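See structure below.
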Amino acid sequence: MLSKFPYLRQDFLASIVVFLVAVPLCVGVAVASGVPAELGLITGIVGGIVTGLMRGSSLQVSGPAAGLTVLVFEAVSEFGVATLGVIVLFAGLLQLAMGFFGIGRWFRAISVSVVEGMLCGIGLVIIAGQIYAAAGLKAPETGLGKIAGLPGAFADALGSTEALASLAIGAGTVAVIVLWKKLPKAVQTVPGALAAVVLATVAALAFGLPVATVQVEGLLGVIQPPGAEAFGELATPAIWGTIIAFALIASAESLFSAAAVDRLHDGPRTEYNKEMIAQGAGNTLCGLLGALPMTAVIVRSSANVYAGAKTKASRVLHGVWLLLFAAAMPWALALIPIPALAGILVHAGWKLIPFSQITALWREHKGEALILIVTAVSIVAVNMFEGVLIGLALSVVKTAWEASHIKLEIIDKGAGPIQAYLSGNATFLRLPKILDSLEGLPQDRPVELDLSGLHHLDHACRTALENWAARHSATGTEPVKVTEPAAEPARVPAEKVTAA
């Protein structure tokens, strides 16, 4: 048997580590998303067993992700838990279509600044929202409302024994996770998040603290395949925006995670379109079960690699352990304090904020840093989907602006014609600058306009230059002489053609 599975021992041990990392995250993401805790475990099970068996990225692990928490919570608030399955189902089908049509690899072209800005905005909203959960208070619905209401929430908590006890559990959870990494390596074989949840649970029970715990309904009790009424919601145009947001953001997060995981190991590289199909299959099944959407999760994936996994068997086994836990020990979930889960997500949200990248970008590429910041602020101020669209739009505009670099050189020897040389890419974005310079030339002097240095001349610029030449020539001076751009500016110097 060992000859058929030479890495069975390594994969088995790695699967245990990933399972221990996944349990508190699956439960925490579900509770923060406003759905039963078991739905998070179902998504983790599907991500491990179904997506884990498929081709794509061999070592990354899928499940419910903190990065989609904000979007899922908004969807559940607007459409209800019963409709969540339909949204996830059609998002999965959309991912399958993108994978089959070979669109998966194009996600690598998305600006890193937009992705980092998305994660930063999500992290800020998660942190703000989970502070309310840690205090046992109801959070405002909007991102700005959550942040603006924090001073009042702390003031309310100071006047309540229950809220202070709940905050203490949440803060203690964060402290354990942070300090756990400073302990000996042998102790760190137990994941910090799991240790924090266990310690918080023991503390709450031992001291009889008045904190809320996870509500348990049982694994089979929470599985709700979408019914006819839920499918009827597809007639609502707003739901399609949410479906597209789920598909695009989950795909981007999964494929960026795959690229990051590839840098951690020397095994087979990710096949991006196949990974997209695997994610789509998993989300389609999650939708049919009425569960949370899944993405590949860098926390679990890196834990898998660092634990010594060699093949996809480790992630499949982690799904099996999740299934056994959910089926055999549902009572354990009912002991977990909600503020402990909130603490885990506060820490996860903090890790999503790319502090070092923001600093480095600001030093070297202020434009990219601005895109990151605007994307993050837009997600907090508006919502996830529109915030990402704003970031993408800014990225496209910045790229177009930089691609339209143009240089105008004016040579005036005092006598004879004025020579104007244009080089670079003449697009409508730079048209005002070009016309301002040309219209500032003396009207009583002949002009020679040399366009041979242009790599690109769009229709708007050509028309504007022709109109300017006609206006300048109408003053009684010699007609403007225009040297056209070379037809093929590649290997040999193109012959200049002079036109009146």
Side-chain angles (χ1 to χ4, degrees), residues 15 18-19 21-23 25-26 29-30 33 35 38-69 71-72 75 84-101 103-104 107 219 222-226 242-258 261 270-301 304 309 311-323 326:
S15 73
V18 179
F19 161 70
V21 170
V23 169
L25 287 173
C26 286
V29 168
S33 300
V35 302
E38 291 91 340
L39 289 183
L41 291 172
I42 290 172
T43 299
I45 292 165
V46 173
I49 298 176
V50 177
T51 303
L53 282 170
M54 300 182 72
R55 293 180 64 182
S57 177
S58 60
L59 295 183
Q60 78 169 353
V61 184
S62 299
L68 284 178
T69 302
L71 193 58
V72 174
L84 179 62
V86 170
I87 295 172
V88 177
L89 168 62
F90 277 84
L93 293 174
L94 185 56
Q95 286 182 301
L96 284 172
M98 290 191 290
F100 284 123
F101 285 106
I103 298 174
F107 276 83
L219 198 60
V222 299
I223 296 178
Q224 295 182 359
T242 303
I243 289 170
I244 293 170
F246 270 53
L248 295 182
I249 293 172
S251 300
E253 190 168 340
S254 294
L255 297 183
F256 273 96
S257 171
V261 173
T270 297
E271 299 175 80
Y272 284 89
N273 290 320
K274 288 185 171 124
E275 179 63 20
M276 178 78 84
I277 292 171
Q279 293 295 323
N283 273 319
T284 300
L285 181 54
C286 285
L288 291 172
L289 296 174
L292 290 172
M294 75 165 60
T295 74
V297 187
I298 189 63
V299 175
R300 272 163 260 184
S301 302
N304 189 37
T311 71
K312 65 176 67 174
S314 61
R315 63 187 189 182
V316 175
L317 284 172
H318 120 275
V320 173
W321 310 144
L322 283 175
L323 175 60

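In this text, all values refer to a predicted model and were calculated from it rather than measured experimentally.
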Taking the side chain as every heavy atom from C-beta outward, state whether M276 and I103 have any atom pair closer than 4.5 Å.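 Contact flag for M276/I103 side chains = no.
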L288 side chain reached by L89 side chain, heavy atoms, under 4.5 Å: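 Counting from C-beta outward, L89 and L288 do come under 4.5 Å.
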Shortest non-hydrogen contact between [X] and [Y], atoms and distance:
{"X": "G85", "Y": "P226", "result": "C-CG, 4.2 Å"}
{"X": "A75", "Y": "I87", "result": "CB-CD1, 4.2 Å"}
{"X": "V88", "Y": "F246", "result": "CG2-CE2, 4.1 Å"}
{"X": "G40", "Y": "P64", "result": "O-CG, 3.4 Å"}
{"X": "A250", "Y": "M294", "result": "CB-O, 3.9 Å"}
{"X": "A65", "Y": "V29", "result": "O-CG1, 3.7 Å"}

Side-chain donor or acceptor of [X] paired with backbone N/O of [Y] under 3.5 Å:
{"X": "N304", "Y": "A309", "answer": "no"}
{"X": "K312", "Y": "S58", "answer": "no"}
{"X": "R315", "Y": "Q60", "answer": "yes"}

Measure the [atom1]-[atom2] distance between [X] and [Y] for me, rounded to the nearest 0.5 Å.
{"X": "L84", "Y": "Q224", "atom1": "CG", "atom2": "CD", "result": "10.5 Å"}
{"X": "T295", "Y": "L255", "atom1": "OG1", "atom2": "CG", "result": "10.5 Å"}
{"X": "F90", "Y": "T242", "atom1": "CZ", "atom2": "OG1", "result": "14.0 Å"}

Between side-chain atoms of residues 91-101 and protein atoms elsewhere (two or more places apart, or another chain), which donor-acceptor pairs fall under 3.5 Å?
residue : atom : partner : partner atom : Å
Q95     : OE1  : N283    : ND2          : 2.7
Q95     : NE2  : S251    : OG           : 2.9

Counterpart residues, side chain to side chain donor-acceptor pair (under 3.5 Å), relative to [X] (two or more places apart):
{"X": "T51", "value": "none"}
{"X": "S15", "value": "W321"}
{"X": "T311", "value": "D11"}

In a table with atom names and distances, give each donor-acceptor pair under 3.5 Å that connects a side chain of residues 41-49 to protein atoms at least two apart or in another chain.
residue : atom : partner : partner atom : Å
T43     : OG1  : L39     : O            : 3.2
T43     : OG1  : L292    : N            : 3.1
T43     : OG1  : L292    : O            : 2.8

Can you list every pair that meets salt bridge (Lys or Arg N to Asp or Glu O under 4.0 Å) and has a residue in residues 272-300, with sequence neighbours left out? E271-K274
